[in-house]
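Remarks on the structure that follows.
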Amino acid sequence: MYSKKVMEHFMEPHNVGEIEDADGIGEVGNAKCGDIMKMYIKIDGDIVSDIKFKTFGCASAIASSSIATDLIKGKTITDALALTNQDVVDSLDGLPPVKVHCSVLAEQAFKSAVKDYADKNNIDIPELRDFVPDEDHH
Amino acid sequence: MNKNIYFDNAATTFLDDAVYEAMKPYFEGHFGNPSSIYQYCQTAKQGITEAREQVAAGINASAGEIYFTSGGSESDNWAIIGTAFAKRSKGNHLITTKIEHHAVLHTIEYLEKKHGFTATYLDVDQEGLVNPEDLKKALTPETILVSVMLANNEIGTIQPVADLVQITKEYDPKIYFHTDAVQALGTIPLDVQALGVDLLTITAHKAYGPKGVGALYIKKGVVIDNLIHGGGQEKGKRAGTENVAGIVGFGKAAELFTADVVERNLKIKELRDHLINRATAEIEGIVINGSLEHRLPGNSNFSVKRIEGEALILSLDHYGIAASSGSACTSGSLDPSHVLLAIGLDHGTAHGSLRVSLGKDNTKEEIDFFIDKLILIAQKLRAISPL
Amino acid sequence: MIYLDNASTTGMTESSVAAVHTIMEKYWGNPSSLHRLGVEAEKVLKQARTIIADSLTVRAEEIIFTSGATESCNLFIRGIARSYKNRGQHMITTETEHPAVLKTMEDLAKEGYEITYLPVDSQGLISTDDLRQALRDDTIIVALMHVNNETGVIQPISDAGKIIKKESRAFFFVDGVQGYLKIPLSIEEAGIDAYAISAHKVHGPKGVGALYLRKNLVIDPLITGGGQERGLRSGTENTAGLAGFARAVQTLSQAQPKERSLLQKQREDFMARLKTEVPEIRVNGAQDLSSSPYIINLSLPKVQGETLLHGLEADQIYVSTGSACSGKSKVSRVLGAMKIPEQYLHGAIRISIGLLEWPDARQQQAVAESLKHIYARIR
């Protein structure tokens, strides 16, 4: 059902945990739909210098969180925001159709964290002006 | 360390060697079509006749009441649709429960949606039991069928079917009573006389028989419409060339469990209780779902708090342990189990269910290995969880 | 033993038996399960689906596995009837279809569906003009048999399909049980919406079959439940049976395809041999390229087919009197529809040859002589 890559990231996820003095925190999903994803980011200038996550969810939700944090870490905010859920899917060598929403969740968790950072610091990030995390994506 | 521990016997069971041996001649030589009239084909016919007797003996029916099908889903569909259309002139009301297998639920929903039938879905209590009083209240002059499963596939709850049949028949003896006994076959003694049901669904592959073959018990005198039309097989009630080898395998499997269902399951129940005791004692935030008293001997179903079911299953699989979350049929979907919701679990908890269903070859060592790994997995996944 | 009842059922190939055994022994998980055994079982299923789809030159997602061709016929006819009820309630078929089609339609007729039975000529063939005239605005299904199970007559499927698609909105169903892997047919070109096949007629196991269902066509399921087979056919998949089906199909597809003309010649040789010994033989149904080389239906005057059958059986030659499924009725409905002369109606037997081997000259001669002796005894 899952690719090797998904199983690797599920069994040994990268960047698990919390950042105590995080600059932004994003949380999406709910227990009702079976997935909750929480991301913590640390911003250094315009670079996402650190990112950690905690996820309640299926294997693909955990693997999506793990690979997304890998992809994002060290990138500029602009570059990181340019990543889409498809990049997550591709990096995992694919996800089953019913699980694609997990990658969307990862994209949204990160965007929520950046929005939280921007709101706290009164920074205008054009890419996020219209961003509303989609609660009911499945 | 990798083992091969199979704890998903409610999804399907391995094929008994003796069953394969019984089937083998029918694959290799006795390939006649049983409907053909020449002698050569009589071997196939004899195989089916014997199997029919074996399966009948397994549920205390007579051979003439056993109709072979392609499996449990077909039998459920046939019993329900067959009754609905045969009794349409009498009424259009069906009664079932909220925790039936989808083969029953979706069929009844289909009859409601497409054919103008109405249905009552009985609630169950926290243990998964139907309250007989609820059935009494639900019966109407329009009622033509009551379908209540004998034992639930997810939480293993055994319903008081004999009592429910009695209530139904006291209200109106013409109402047919169907029970899906797929999970009960081979795991508890089955007796259609004692149950008093009109229709009963069974399948081979949950009782160490082959996939692709099941049966519907139709009590003598009970008349339902056909589901599959064509040639005159199964006394004109189920068309299609018989799956001879499969049917013979089903017969053999029935013969085997009929001989030792009681003994086999004492052992399994003991193991299951050991499993439940260790799990609930040693893992924090784990709750057993369903009834402890009215339960299939091999079934255990847990809610593991703050852990999602699929992640749990795949982690166990990593250690070579096969278990399930929800029922196998719906595990591809994202909806939490309708059974767990019906017994009152919230959506979040229902997502974290774990079904461990034991079979006749499981051992105490396997259970201990499983518990040790479950402890590790619970720790690990909870460390990732934000809850 | 000379087994000439392959239209009734066939013996499994060795590798098909082996495939069934392997799945039962090693890959017996439930394909819906998430764990390794389930995933392996799912792979078995996927592979089988690809092989069956390739054999029909269709897409894998267009194959729905069933318990056999009877179920496939029921599934499609009832499924369309239910889901297109509002478009119309008229169905067209022939008098010579298999009971799986006829009985299903007759049952629907009780609910108000209307059936037009196309007549067949003395050759067993329908006329496309009749079909054209029978088509109506409210026709939802045209069900035709590719190859008749009793006579081997091949209906003009491609021509019929073109007419149906051009002149109506009806769905075209073809019972392919006797034609599958035997008589070339392009599903695409013939405009076929659904095609029913069975494993045990092509040296696979009993209890499995398939329905080709054209992509995006939505029909009501016959068996609902766990949602397997895209929700069109619920029930735990018979993985072992399907693997056996696929393996048999693979073996047969890999075998060198014989030229149609060569096969026809072989059939003619066989018939010639029979007629040399028993000149009274009448061969029923079309004899040219409108007949399957694999089925020969023949009659002897003023005798019972069953007597011939048992006589041959005594010599260990196995044939049948008609279709196995209708073994009980005394007179063939198919031959009746073809209006074959009364004196031949009761004395029909069917010789049907399998895909794996053609009876050799010695065997053919044995059949001819056996028939000759029986006929001399009972005439």
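As a basis for the values below, the full set of heavy atoms in this structure was taken, side chains included, without hydrogen atoms, waters or symmetry mates. By convention in this document, chain letters (A, B, ...) are assigned in the order of the sequence lines, proteins followed by strands, and residues within each chain are numbered from 1. Bear in mind the structure is a predicted one, so any value in this text is a computation, not a measurement.
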| To the nearest 0.5 Å, what is the distance between CG (C:Leu232) and CD1 (C:Ile223)? | 11.5 Å
| request: Please state whether the side chain, the backbone, both or neither of C:Leu102 comes within less than 4.5 Å of a heavy atom of chain B. | output: neither
| message | Here's a test for you: under ring pair (Phe, Tyr, Trp, His ring centres under 6.0 Å), which of B:Tyr6, B:Tyr20, B:Tyr208 qualifies with B:Phe14? | response | B:Tyr208
| Is the gap between the ring centers of B:Tyr110 and B:His115 under 6.0 Å? | yes
| query | In terms of heavy-atom proximity below 4.5 Å to chain C, should B:Thr203 be classed as side chain, backbone, both, or neither? | reply | neither
| Among C:Met24, C:His21, C:Glu14, C:Glu71, who wins on heavy-atom pairs under 4.5 Å with chain B? | C:His21
| field | pair B:Asp76-B:His178: side-chain heavy atoms closer than 4.5 Å | value | yes
| Toward chain C, the part of B:Asn243 with a non-hydrogen atom under 4.5 Å | both
| query | Side chain, backbone, both or neither: which part of C:Glu237 has an atom under 4.5 Å from a heavy atom of chain B? | reply | backbone
| field | Contact class of B:Arg238 relative to chain C, heavy atoms under 4.5 angstrom | value | side chain
| remark: In short, C:Glu313 meets C:Tyr318 closest at the heavy-atom pair CG-CE2, 3.6 Å
| message | If I measure from the heavy atoms of chain B, does C:Val208 come under 4.5 Å with its side chain, its backbone, both, or neither? | response | neither
| Do you know which of B:Gly212, B:Gly72, B:Pro210 has the most heavy-atom pairs with chain C at a distance under 4.5 angstrom? | B:Gly212
| message | Heavy-atom pairs under 4.5 Å with chain B - which of C:Gly241, C:Gly29, C:Ser16 has more of them than the others? | response | C:Gly29
| field | Portion of B:Leu227 that has a non-hydrogen atom of chain C nearer than 4.5 angstrom | value | both
| field | Structural part of C:Asn238 lying under 4.5 Å from a heavy atom of chain B | value | both
| query | In a check of side-chain contact (heavy atoms from CB on, under 4.5 Å) between B:Ser325 and each of B:Leu316, B:Leu354, B:Ile313, which one passes? | reply | B:Ile313
| query | Distance-only, no hydrogens or angles: does the C:Arg36 side chain make a donor-acceptor pair with backbone N or O of B:Asn4 under 3.5 Å? | reply | no
| Under a 4.5 Å heavy-atom cut-off, does chain C meet the side chain of B:Ala245, its backbone, both or neither? | neither
| note | Pair count under 4.5 Å, heavy atoms only, with chain B: among C:Asp220, C:Leu312, C:Val101, highest is C:Asp220
| request: Using a strict cut-off of less than 4.0 Å between a Lys/Arg side-chain nitrogen and an Asp/Glu carboxylate oxygen, indicate whether C:Asp107 and C:Arg78 qualify as a salt bridge. | output: yes
| task | Against chain B, label C:Arg82 side chain, backbone, both or neither, depending on which of its atoms sit under 4.5 Å from a heavy atom there. | result | both
